[in-house]
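Residue numbers run from 1 in the order of the sequence given. The structure presented is a predicted model; accordingly, all values stated were derived computationally and were not measured.
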Amino acid sequence: MRNRKRYSAEALDKYYRGKNIVDILDMSVEDAAVFFADNRKIKNKLDALLETGLPYLSLGQSLSTLSGGERQRVKLAKDIKSKGNIFILDEPTTGLHASDIKYIMQLLESIVDRGNTVVVIEHNTDVMKLADYIIDVGPDGGTRGGEIVFTGTPKKMVEWGETITAKYLRKSVE
């Protein structure tokens, strides 16, 4: 339960449909979507968070408590319904369970299907296999990297790639 001392007595005495500010900020995104079902503007924002796989977040949750992947999905939710955007995501699958990775990949595919471009910086070979196109930067990491060492489809990388990434991608399809 959120600390009531953060709010003035005046703020705590204001209610919307039987709930005050503390009650509303303690709601999960999923519960809030039901609570605000009749308010299209709020419901649209909550639906975007639901679509990005964040039904469990509370409305008042501090950004500092979110993982990197969750923060990226919150940002993604802002423009998820639009088209003509370019989204750049840095390792959006880090720390996720395999079923969550599958969900994120379906989400990214739906964003592309809406007419957007998605660029993903990723080391997960399961994600790479689903890519339309790979740009491999290497030949190694850190100061021994920074050069484009391969461009092409995942299939071409598996067949012809001579990079460290190609080696791992090849192993993942065997």
Side-chain angles (χ1 to χ4, degrees), residues 1-2 24-36 41-138 140-142 145-146 148-155 157-158 161 163-173:
M1 185 70 136
R2 193 161 304 283
I24 290 172
L25 291 177
D26 280 341
M27 284 184 191
S28 68
V29 169
E30 188 171 41
D31 292 340
V34 173
F35 184 76
F36 290 106
K41 189 173 184 178
I42 294 173
K43 179 80 165 69
N44 286 344
K45 302 282 185 197
L46 295 169
D47 284 347
L49 289 168
L50 289 171
E51 187 174 346
T52 59
L54 300 170
Y56 56 88
L57 294 183
S58 68
L59 296 185
Q61 191 165 343
S62 169
L63 285 176
S64 65
T65 66
L66 303 180
S67 71
E70 287 170 330
R71 282 194 298 272
Q72 287 187 74
R73 286 185 278 160
V74 168
K75 289 179 187 176
L76 189 60
K78 180 177 173 257
D79 295 310
I80 197 166
K81 299 289 185 188
S82 59
K83 62 182 175 178
N85 289 318
I86 299 173
F87 295 95
I88 302 174
L89 303 171
D90 186 8
E91 305 249 9
T93 65
T94 300
L96 294 181
H97 184 273
S99 63
D100 293 325
I101 292 173
K102 184 178 178 183
Y103 178 84
I104 293 299
M105 295 314 299
Q106 290 170 340
L107 171 66
L108 296 180
E109 193 171 308
S110 74
I111 292 169
V112 169
D113 290 346
R114 288 185 184 129
N116 297 290
T117 298
V118 177
V119 177
V120 178
I121 301 160
E122 184 63 72
H123 289 90
N124 183 308
T125 54
D126 290 330
V127 173
M128 287 182 218
K129 288 186 272 190
L130 296 173
D132 293 330
Y133 199 80
I134 293 177
I135 301 171
D136 192 4
V137 179
D140 207 344
I148 295 176
V149 293
F150 175 85
T151 62
T153 65
K155 183 177 184 222
M157 179 175 255
V158 166
T163 69
I164 295 169
T165 304
K167 176 180 135 185
Y168 283 100
L169 191 60
R170 205 171 287 117
K171 280 183 184 180
S172 76
V173 295

The side chain to side chain contact (heavy atoms under 4.5 Å, CB included) partner of L108 among V127, V118, L130 is V118

Less than 4.5 Å apart, any side-chain heavy atom of I86 and any of N116? no

Between atom NZ of K167 and atom OG1 of T163, what is the distance when rounded to the nearest 0.5 Å? 10.5 Å

In short, P92 meets V120 closest at the heavy-atom pair CD-CG1, 3.7 Å

Closest approach of A77 and A48, non-hydrogen atoms and distance? O-CB, 3.3 Å

Report the distance from atom CD1 of I80 to atom NZ of K45, rounding to the nearest 0.5 Å. 12.5 Å

Could you go step by step and tell me if Y56 and E30 meet the side-chain contact (heavy atoms from CB on, under 4.5 Å) rule? CA-CA 7 Å; Y56 56 88; E30 188 171 41; over 6 Å; no

Who passes side-chain contact (heavy atoms from CB on, under 4.5 Å) against V74, sequence neighbours left out? L49, L54, L57, L66

Would you check, one step at a time, whether the test side-chain contact (heavy atoms from CB on, under 4.5 Å) holds for L46 with N44? CA-CA 5 Å; L46 295 169; N44 286 344; over 6 Å; no

Strictly by salt bridge (charged side-chain N to carboxylate O under 4.0 Å, His left out), give each pair with a member in residues 88-112 just once, sequence neighbours left out. none

Inter-residue atom distance K83.NZ - D113.CG, 0.5 Å rounding: 12.5 Å

Is there any salt bridge (charged side-chain N to carboxylate O under 4.0 Å, His left out) pair reaching into residues 48-68, and which pairs are they, with sequence neighbours excluded? E51-K81, E51-R114

Taken to the nearest 0.5 Å, the spacing of I24 CD1 from L59 CG works out to 8.5 Å

Could you go through the side-chain contact (heavy atoms from CB on, under 4.5 Å) check for V112 and T117 one step at a time? CA-CA 6 Å; V112 169; T117 298; over 6 Å; no

A side-chain contact here means heavy atoms from C-beta on lying under 4.5 Å apart; do F87 and V119 qualify? no

Which heavy atom of L169 sits nearest to which heavy atom of P154, and what is that distance? CD2-O, 3.9 Å

Kindly state each residue pair satisfying salt bridge (charged side-chain N to carboxylate O under 4.0 Å, His left out) with at least one member in residues 126-137, sequence neighbours excluded. D126-K129

How far apart are the C-alpha atoms of L107 and T52, what are their side-chain angles, what is the distance that settles it, and do they pass the side-chain contact (heavy atoms from CB on, under 4.5 Å) test? CA-CA 7 Å; L107 171 66; T52 59; 4.1 Å; yes

Between OG1 on residue T153 and CD1 on residue I134, distance to nearest 0.5 Å: 7.5 Å

Would you compute the distance between atom OH of Y133 and atom OG1 of T151 and round it to the nearest 0.5 angstrom? 3.5 Å

Which residues pass the side-chain hydrogen bond (donor to acceptor under 3.5 Å, both in side chains) test with S82, sequence neighbours left out? N85

Flag the pair S58 / D26 as yes when at least one side-chain heavy-atom distance between them is below 4.5 Å, and no otherwise. no

Looking at Y103, I'd like to know if its OH atom is crowded, meaning that more than 12 non-hydrogen atoms belonging to other residues, nucleotides or ligands lie closer than 6.0 Å. yes

Give me each pair satisfying salt bridge (charged side-chain N to carboxylate O under 4.0 Å, His left out) with a member in residues 64-80, each pair once, sequence neighbours excluded. none

